[in-house]
J.: 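Here you go, one structure.
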Amino acid sequence: MAKSNLIIRNVKIATPLGTEAARGEAMGRIHHVDDALIVIVDGIIEYAGEAAGCPAELTAREDCQTLDAGGRLAVPGFVDSHTHLIFGGYRPDEFSWRLKGDSYMSIMERGGGIQSTVNATRTADADTLADKAAWFIRRMSEMGVTTVEAKSGYGLDEATERRQLETIARLNARDDSPLEIVATFLGAHAVPKEYKGRTSEYVDLIISQMLPAFKGMARFCDIFCEKNVFEIEDSRRLLRAAREMGYELKLHADEIVTLGGAELAAELKATSADHLLHVSDEGVRRMAEAGVVATLLPLTAFALKEPFAPARKFIEAGTAVALATDLNPGSCFSGSIPLTIALACIHMGMTVEETLTALTLNGAAAVGLANSTGSLEKGKRGDVAILEFDNLNYLPYYVGMNCVRQTIHDGRIVADNS
Ligand code: NIG
Ligand code: FE
């Protein structure tokens, strides 16, 4: 992937700092520089700080493109650490059924929901999947996203799960890719119709065939740990096997009912537990203790008309909270970073500083990349979102609207909304 040299002048900076997740009250600590300069060499930040303090040999470089930010604010490129980006078909009818009172789980139990996207994904060829994902990726890039996690999970058979993971690799290999995709294997997203009533046998198949087959193609292994889907025992069995094979772990936990997914994530020292709308107080406490990132997905709660996850409880317990979109064709057909910010600040009681940390450094930690992206400091990737405005408070204030003017990935301007 092309990496560039870029000097951003006449810019302000607001960024969390560090190479690991910020936990609890540390999430509110944002480093501000008013008269700043950012120098990116070969895709990596060489300098981000006071313009006056920048070494002359960097400012004098003639091989750098220059961007005058006009006094605007630069923040780290956003990390959307939970999406289901690769899928066939759409499910608009289900959404309208839900508007009339149908529930997400009852649609799924009738053979719709995830299974309906599985049917469409199994028949979609690789080009169709890639072209469709690329369209969503361009929209993400316009909203400042420079890293995105993408899950498989709409194949539920080896050939289709592989096609989804190969699509991710193909998109990453494109020279003009505007962001980095981190792959997650989610073969345990639902029990496929061929295995109806035989959940344990399907878990056996994943453990014996799919996990070994996809080693190296996905960094993470995830599971929909939910009542009547994969309950605690099957989840524990599958995730332990995945960890032994070298996968890092994620869980869809306590999304629909309180099941103990958060406690399991803590027990297994998963990298993140996600959703957590119905997490128990004990689950919050154990996740904080175990250092599991709580990835909260407010767009899903909003679209399902469910209560928002208890962000304040997590932060007060000393947990690292990340925010992500959950973009998928079912529970949450939205990848809106602006609406995520608005819901976090207006409905979940998060401050704008905590929200920024959750979408940058902590999102990076949730995908195992906090040492290379998620903040504006020397040594990190040149991943930057320049806002139209000069102050962080515009992020929630411009409600549900895109504040991003330019997105920079590896030192390249990859989206320009100016
Ligand atoms: O994160 N809950 C499980 N998985 C997704 C929804 C997938 C779908 O409905 O297609 C979620 O909400
Ligand atoms: Fe999800």
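Both backbone and side-chain heavy atoms feed into the values below; hydrogens, waters and symmetry mates do not. All ligand and atom numbering here is 1-based and tracks the order in the structure. The residues of the chain are indexed from 1 along the displayed sequence.
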J.: Evaluating non-hydrogen atoms only, which member of Phe224, Tyr154, Phe87, Phe333 is closest to atom 7 (C) of ligand 1?
T.: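 Among Phe224, Tyr154, Phe87, Phe333, the closest heavy atom to atom 7 (C) of ligand 1 belongs to Tyr154.
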J.: From the options Glu255, His252, Gln115, Lys151, select the one whose nearest heavy atom is closest to atom 2 (N) of ligand 1.
T.: Glu255
J.: Decide whether an N or O pair under 3.5 Å exists between Thr117 and ligand 1.
T.: no
J.: Does the pair Arg312/Glu354 count as a salt bridge with the N-to-O cut at 4.0 Å?
T.: yes
J.: Please report which non-hydrogen protein atom sits nearest to atom 1 (O) of ligand 1, along with the residue it belongs to and the distance in Å to one decimal place.
T.: His275 NE2, 2.7 Å
J.: Considering only NZ, NE, NH1 and NH2 on the basic side and carboxylate oxygens on the acidic side, decide whether Glu180 and Arg219 come within less than 4.0 Å.
T.: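 No, Glu180 and Arg219 are not salt-bridged.
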J.: So is His82 touching ligand 1 or not, going by heavy atoms under 4.0 Å?
T.: yes
J.: Answer with yes or no after comparing the ring centroid distance for Tyr90 and Phe333 against a 6.0 Å cut-off, counting only values under it.
T.: yes
J.: Below 4.5 Å, heavy atoms only, C-beta onward: do Leu369 and Arg381 meet side chain to side chain?
T.: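 Heavy-atom side-chain distance check fails, nothing below 4.5 Å.
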J.: Tell me which protein heavy atom sits closest to atom 11 (C) of ligand 1, plus the residue, atom name and distance to 0.1 Å.
T.: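 Checked against all protein heavy atoms, atom 11 (C) of ligand 1 sits closest to Asp326 OD2, 3.3 Å.
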J.: Report the nearest protein non-hydrogen atom to atom 9 (O) of ligand 1: residue, atom name, distance rounded to 0.1 Å.
T.: Tyr104 OH, 2.6 Å
J.: Before accepting this row, confirm whether a basic side-chain N of the pair Arg285/Glu282 lies closer than 4.0 Å to the acidic partner's carboxylate O.
T.: yes
J.: For the Fe ion (ligand 2), which N, O or S atom of His252 is at the shortest distance?
T.: NE2
J.: Does the shortest distance from the Fe ion (ligand 2) to an N/O/S atom of His82 fall below 2.8 Å?
T.: yes
J.: Has Glu226 got any heavy atom lying under 4.0 angstrom from an atom of ligand 1?
T.: no
J.: Answer yes or no for His84: is there an N/O/S atom below the 2.8 Å cut-off from the Fe ion (ligand 2)?
T.: yes
J.: Does the pair Arg286/Glu289 count as a salt bridge with the N-to-O cut at 4.0 Å?
T.: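 No, Arg286 and Glu289 are not salt-bridged.
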J.: Got a salt bridge between Lys12 and Asp34, using NZ or NE/NH1/NH2 to carboxylate O under 4.0 Å?
T.: no
J.: So, is Asp326 placed with an N/O/S atom under 2.8 Å from the Fe ion (ligand 2), counting both backbone and side chain?
T.: yes
J.: Is there at least one pair of N or O atoms, one from Ser331 and one from ligand 1, spaced under 3.5 Å apart?
T.: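 N/O-N/O distance below 3.5 Å exists for this pair.
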J.: Tell me the protein heavy atom at minimum distance from atom 4 (N) of ligand 1, and give that distance in Å.
T.: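 Of the protein heavy atoms, His189 NE2, 2.8 Å lies nearest.
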J.: Considering only NZ, NE, NH1 and NH2 on the basic side and carboxylate oxygens on the acidic side, decide whether Arg72 and Glu388 come within less than 4.0 Å.
T.: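 Here Arg72 pairs with Glu388 in a salt bridge, since their nearest N and O are under 4.0 Å apart.
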J.: Less than 4.0 Å between a side-chain N and a carboxylate O, is that true for Lys3 and Asp410?
T.: yes
